[in-house]
Trainee: 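Here you go, one structure.
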Amino acid sequence: MSYKYRVETHSPGHRVLPRTGEMKAEVHAWLDDGLFEATDEALWQQAATAAAHPGVKAIHLMPDTHLGYGIPVGGVVVTDDVLIQAGSGYDISCGVIYLEVPGLHAADIADPEKRRRWVDAVELRVATGLGDHRPPRARDVAYREVQQIFRYGAQALGVPAELCERHYIEVDDAVFDERRVPRARDRAQPQLGSVGGGNHFIEMQVDRDSGAVWVMVHCGSRGFGWQTANHFFYAGAELRGLPKKRREESWLYRDEPLGRAYWAHHNAAANYAIANRHTIVDGVREATRAVFDAEVDVFYEISHNLVQEETLLLPDGSTERGFVHRKGATRAFPAGHPDLAETKWAATGHPCLVPGSMLAGAAILYPQPGAARSACSVNHGSGRLMARGQARRELAHIHDEIDHEMRTIRRALGGVTVEGIVGNTARTPLDECGHVYKDLDAVLAVLESEGIATVAHRLYPVANIKGV
DNA sequence: ATGTCC
């Protein structure tokens, strides 16, 4: 019997897969009718498998969910004393940093030629794409500084804590050993301050309502995090007696030696990713000064692939501590959450930064009291509709139309008509174009209708730099 | 996501 068939509808945007077999908890899915119908049986099977890990207390699927490895993308798994490596995945602490450009308004960026110069200026200063390529003017960071970043993240760069979800995560120095994963250590120094490939990007966006100009950066822990994750997938599979092919199903007790080692190395990779995002800001700042004579200010920085130990808000109103694995999901602490006490976000909840696509743009959300229903989590994007290979094959015949749409799309942004989205590539990458993603507004509507979060700002892209 | 290969 299929899992999808068993899913019950509790409210228009809330589905529940009841506990069966080895599942330790029921699966809560935040999907409306259309998003639910589009899910595959394989997704539900994967969610049920994830719910069968030891120590699972709760599991949620965000409205952008789709099949991942081990745990669905858009999956949130809450455990007590267990760490699941697939719960943060290969790009440990992949996430977003958002910059405001208070000196600029939509009218100042309306000229596409000027946006083209900004794209070129950013590419000159920030490395993009795979590997160790560094731009000519990359900031020179001594390896000793990188070692500080492993332990103290953005704090090592002097970034104020209030600008970050976590400006660093504590690393157990008795356990963290950078020689343990030599290929990780070797990548860390040359790749600091780089964007990487895939869906990572730097993008200029404009607020639909106010015309305010923002820059969003989406990137992660690069080779350092990938090598770290890969090492602990294999080591965990060996420990649990799983064949290598099933390494993504492995898990660790937090208090066994390999669990303690994973926790230390995972957190070092998170610190690296957080510092990486803040380092990239240096190049964006220089480029924005050079082309627009304007300053950028960091608004907030947040991960969407991360395991964090945090205070859980339980349905009966009590709290306890646990590990929250967000695999393509964004933390969403509402006003009054204990872990926001004495921060600037205590009375409002912290912002959730959600990229959509290079066509549909992005949003800033604020968690509502109903966030407690979804393990204080929201989606991390709009969700992939099509695999990369499928996109390249099936959209090739409309590539010209896709490029034309990017060049000519006209939007009223803060009362100013802005035409075209300037890119850094000759052609729009088909595996990243707007058509391979679900409708961001439909995904966000589920959060609003279920009382989980509200959309405070809706932003549209005007210039995009992809890591290709 | 990833020098696309434990």
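All values below were derived from every heavy atom in this structure, side-chain atoms included, with hydrogens, water molecules and symmetry-related copies excluded. Labels below follow one simple rule: chain letters A, B, ... track the order of the sequence lines, proteins then strands, and each chain is numbered from 1.
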Trainee: What residues form a side chain to side chain contact (heavy atoms under 4.5 Å, CB included) with A:H14, not counting sequence neighbours?
Mentor: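 Partners of A:H14 under the side chain to side chain contact (heavy atoms under 4.5 Å, CB included) test: A:H10, A:S11, A:V16, A:H28, A:W30, A:R373, A:E450.
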Trainee: Would you kindly give the CG-to-P distance between A:N305 and B:dT2, to the nearest whole Å?
Mentor: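 So the CG-P distance, A:N305 to B:dT2, works out to 11 Å.
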Trainee: For DNA chain B, which residues of residues 225-234 of chain A approach it to below 4.0 angstrom with any heavy atom?
Mentor: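 The answer is A:W226, A:Q227, A:N230, A:Y234.
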Trainee: Holding to side chain to side chain donor-acceptor pair (under 3.5 Å), I want the full list of residues that pass it with A:S374, two or more places apart in sequence or in another chain.
Mentor: none
Trainee: Tell me which of A:R247 and A:Y69 sits closer to the 5' end of DNA chain B, going by the nucleotide each one is nearest to.
Mentor: A:Y69
Trainee: Rounded to the nearest angstrom, tell me the gap between atom CD in A:Q85 and atom P in B:dT2.
Mentor: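 To the nearest whole Å, that distance equals 19 Å.
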Trainee: When the distance from CD of A:E248 to P of B:dT2 is rounded to whole Å, what number comes out?
Mentor: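 So the CD-P distance, A:E248 to B:dT2, works out to 19 Å.
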Trainee: A:R392 CZ to B:dT4 P: how many Å, rounded?
Mentor: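 My rounded result for the distance is 15 Å.
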Trainee: Around atom CZ of A:F36, are there more than 12 heavy atoms of other residues, nucleotides or ligands at under 6.0 Å?
Mentor: yes
Trainee: Kindly state each residue pair satisfying salt bridge (Lys or Arg N to Asp or Glu O under 4.0 Å) with at least one member in residues 68-84 of chain A, sequence neighbours excluded.
Mentor: none
Trainee: Determine the contact category for A:G89: base if any of its heavy atoms lies under 4.0 Å from a base atom, sugar-phosphate if only primed atoms, P, OP1 or OP2 are that close, otherwise nothing.
Mentor: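 Answer is nothing: A:G89 stays at 4.0 Å or more from every strand.
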Trainee: Provide the full list of side chain to side chain donor-acceptor pair (under 3.5 Å) pairs with a residue in residues 224-238 of chain A, sequence neighbours left out, each pair given once.
Mentor: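 Non-adjacent pairs meeting side chain to side chain donor-acceptor pair (under 3.5 Å): A:Y234-A:R247.
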Trainee: How many Å lie between OH on A:Y90 and C1' on B:dT4, as a whole number?
Mentor: 12 Å
Trainee: Please identify each residue that fulfils ring-ring contact (aromatic ring centres under 6.0 Å, His included) with A:H325, with sequence neighbours left out.
Mentor: none
Trainee: Take the protein atom CZ of A:R183 and the nucleotide atom P of B:dC6, then report the distance between them rounded to whole Å.
Mentor: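 Distance, rounded to whole Å: 8 Å.
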